Student: 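Quick one: this structure, given as structure tokens, is what I'll be asking you about.
Remember, predicted model here, so these are calculated numbers, not experimental data.
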Amino acid sequence: MKIVPITEMLRKAEREGYGVGSFSARNTYLIDAVLRAAEYTASPVIVQISANEFSWFEVTAKEFANRFYQVADNYRVEASLHLDHTKDLSVIKDAIHAGFTSVMIDASQEEFEENIRITREVAEYAHERGVAVEAELGKIGSTDKVETDSDESLYTDPDEAEEFVERTGVDTLAVSIGTAHGVYPVKNPKIDFRRLQDIRSKVSVPLVLHGGSGLPEETVQRAISVPGGGVSKINIATDLERAFLSSLECRCKTNAEIWQMDPVILEKAAGEVQKVVEKKIIHFVRSAGKGCI
């Protein structure tokens, strides 16, 4: 496996007009399923997990990173290891020291100036250690309450985005343009593409689209294809978990519990996740064939 800096991966995607899927494995077992799908499709890939998932699935940053690097030699694929939504600097530091190649500080619930202060502190710490930083401006809602506590979205202001990136030094920016975390069981999201275009015209860093699960393919393609380079990192989490747990016919299990299950049953469930990742790579972000090594 070739570990590729996330900004390098996303810049290439911007230039060539495709997106890169950032897939939440949520437990150490499913890291292999994501990487197998990426290898099969010859696609670059980002494997991620969030701070909430560390507690929900009872797995540490070190355990997750150790598994990622343990299986690295098994796959011919370009990959990055990313820490998703995190508000606690101590968790970010743990992930950096564990070997995560990029981290996300989410201080979007704070006022603008405080978001800048917190994000800049994280960026300075991470950059000194060669780690890229993603931040969020605006509030991305949630259909399943994965990362946020409400279903309301506060859209990203393009002018604030320009100032935010300049003052914080972040490497990538997650924008709020109408998507939400989850699978949209009720609402049909209306994406503000004009706002995305305005943000793109003012911000030079790669843009991130959260809430990829459940979006129509044409919506994602339009967001990727915004003139000048639209979103290049697309987060996908819930679709993978639903495929995994549906196959197991059970509710959320911890990392330790999953490893104790029948290997035959687990492999079947992992195969379902692999199918979802392959489909997302080929039809959703269209990155197949872009990550050959």
Student: Hey, are R200 and E14 close enough for a salt bridge, meaning a charged N less than 4.0 Å from a carboxylate O?
Tutor: yes
Student: Any chance you could measure N255, atom CG, to E53, atom CD, to the nearest 0.5 Å?
Tutor: 11.5 Å
Student: State, yes or no, whether a side-chain contact exists between E134 and V208 at a heavy-atom distance under 4.5 Å.
Tutor: yes
Student: For S80 versus P5, what's the shortest heavy-atom pair and its separation?
Tutor: OG-C, 4.0 Å
Student: Say you draw a straight line from CD of E162 to CG of D157; how long is it, rounded to the nearest 0.5 Å?
Tutor: 10.5 Å
Student: Please report the shortest heavy-atom distance between V91 and A51, naming the atom on each side.
Tutor: CG1-CB, 4.2 Å
Student: What's the verdict on side-chain contact (heavy atoms from CB on, under 4.5 Å) for F244 and I258, showing C-alpha distance, side-chain angles and the deciding distance?
Tutor: CA-CA 11 Å; F244 186 61; I258 288 169; 3.9 Å; yes
Student: For the backbone of K279 and the side chain of H283, can you confirm whether one donor and one acceptor N or O come within less than 3.5 Å of each other?
Tutor: no
Student: Flag the pair K280 / D239 as yes when at least one side-chain heavy-atom distance between them is below 4.5 Å, and no otherwise.
Tutor: yes
Student: Does the K12 side chain pair with the main chain of K290, one donor and one acceptor, at a distance under 3.5 Å?
Tutor: yes
Student: Looking only at heavy atoms, which two atoms of S287 and P44 are closest? And how far apart?
Tutor: O-CD, 3.7 Å
Student: The test is side-chain contact (heavy atoms from CB on, under 4.5 Å); show your working for I6 and D171 and say whether it passes.
Tutor: CA-CA 9 Å; I6 197 166; D171 303 282; 5.9 Å; no
Student: Show your working on side-chain contact (heavy atoms from CB on, under 4.5 Å) between V131 and I92 and close with a plain yes or no.
Tutor: CA-CA 11 Å; V131 173; I92 288 174; over 6 Å; no
Student: So which atom in R195 and which in S176 form the shortest heavy-atom distance, rounded to 0.1 Å?
Tutor: CD-O, 4.1 Å
Student: Is a salt bridge present between K202 and D159, judged by a nitrogen-to-oxygen distance below 4.0 Å?
Tutor: yes
Student: Do V175 and V203 have side chains that approach each other closer than 4.5 Å (heavy atoms only, starting at C-beta)?
Tutor: no
Student: Would you say V59 and N27 make side-chain contact, with heavy atoms under 4.5 Å?
Tutor: no
Student: Could you measure the distance from the CG atom of D84 to the CZ atom of F23? Nearest 0.5 Å is fine.
Tutor: 13.0 Å
Student: Any side-chain to backbone donor/acceptor pair from T119 onto I116? Under 3.5 Å, distance only.
Tutor: no
Student: Begin from the C-alpha positions of M1 and V71 and carry the test side-chain contact (heavy atoms from CB on, under 4.5 Å) through to its verdict.
Tutor: CA-CA 9 Å; M1 182 162 64; V71 303; 5.7 Å; no
Student: Flag this pair as yes if the NZ/CZ of R222 is under 6.0 angstrom from the six-membered ring centre of F193 and inside a 45 degree cone about the axis; otherwise no.
Tutor: yes
Student: Would one find more than 12 heavy atoms of other residues, nucleotides or ligands at under 6.0 Å from atom CD of E111?
Tutor: no
Student: Tell me, with the steps shown, if E110 and R117 meet salt bridge (Lys or Arg N to Asp or Glu O under 4.0 Å).
Tutor: CA-CA 10 Å; E110 305 290 348; R117 184 194 69 78; over 6 Å; no
Student: Counting C-beta onward and ignoring hydrogens, is there a side-chain heavy-atom pair between N66 and T28 closer than 4.5 Å?
Tutor: no
Student: Does a donor on one side chain sit under 3.5 Å from an acceptor on the other, for N52 and S50?
Tutor: no
Student: Does one hydrophobic cluster hold both F64 and V273, with members joined at side-chain heavy-atom distances below 4.5 Å?
Tutor: yes
Student: Same cluster or not: I282 versus M9, using hydrophobic residues (I, L, V, M, F, W, Y) connected whenever any side-chain heavy atoms lie under 4.5 Å apart?
Tutor: no
Student: How about CD on E113, more than 12 heavy atoms from neighbouring residues, nucleotides or ligands closer than 6.0 Å, or not?
Tutor: yes
Student: What closest approach, in Å, do Y69 and G99 show between heavy atoms, and which atom pair accounts for it?
Tutor: OH-O, 2.5 Å
Student: With the 4.5 Å side-chain cut-off for hydrophobic clustering, are V276 and V77 part of the same group?
Tutor: yes
Student: I want to check a possible cation-pi pair here: R36 against Y40, using under 6.0 Å from ring centre and within 45° of the ring axis as the test.
Tutor: no
Student: List the atom of F284, the atom of Q221, and the distance in Å for their closest heavy-atom pair.
Tutor: O-NE2, 2.7 Å
Student: Treating T156 as the side-chain partner and L137 as the backbone partner, does any N or O pair qualify as donor plus acceptor under 3.5 Å?
Tutor: yes
Student: In the single-linkage hydrophobic clustering (I, L, V, M, F, W, Y; side-chain heavy atoms under 4.5 Å), do V285 and V277 co-cluster?
Tutor: yes
Student: Salt bridge check: are R11 and E8 linked by an N-O gap of less than 4.0 Å?
Tutor: no
Student: Using 0.5 Å steps for rounding, measure from the CZ atom of F164 to the CD atom of E136.
Tutor: 9.0 Å
Student: Quick one, L196 and L207 - any side-chain contact, counting heavy atoms below 4.5 Å?
Tutor: yes
Student: Do F54 and I31 belong to the same hydrophobic cluster, where Ile, Leu, Val, Met, Phe, Trp and Tyr are linked whenever their side-chain heavy atoms lie under 4.5 Å apart, directly or via other members?
Tutor: yes
Student: Going by heavy atoms in the side chains, are E39 and N74 under 4.5 Å from each other?
Tutor: no
Student: Hey, what do you get for CD (E63) to CD (Q70), rounding to the nearest 0.5 Å?
Tutor: 11.5 Å
Student: Which value, rounded to the nearest 0.5 Å, describes the distance between K87 atom NZ and D106 atom CG?
Tutor: 3.5 Å
Student: Do V133 and T168 have side chains that get closer than 4.5 Å, going by heavy atoms?
Tutor: no
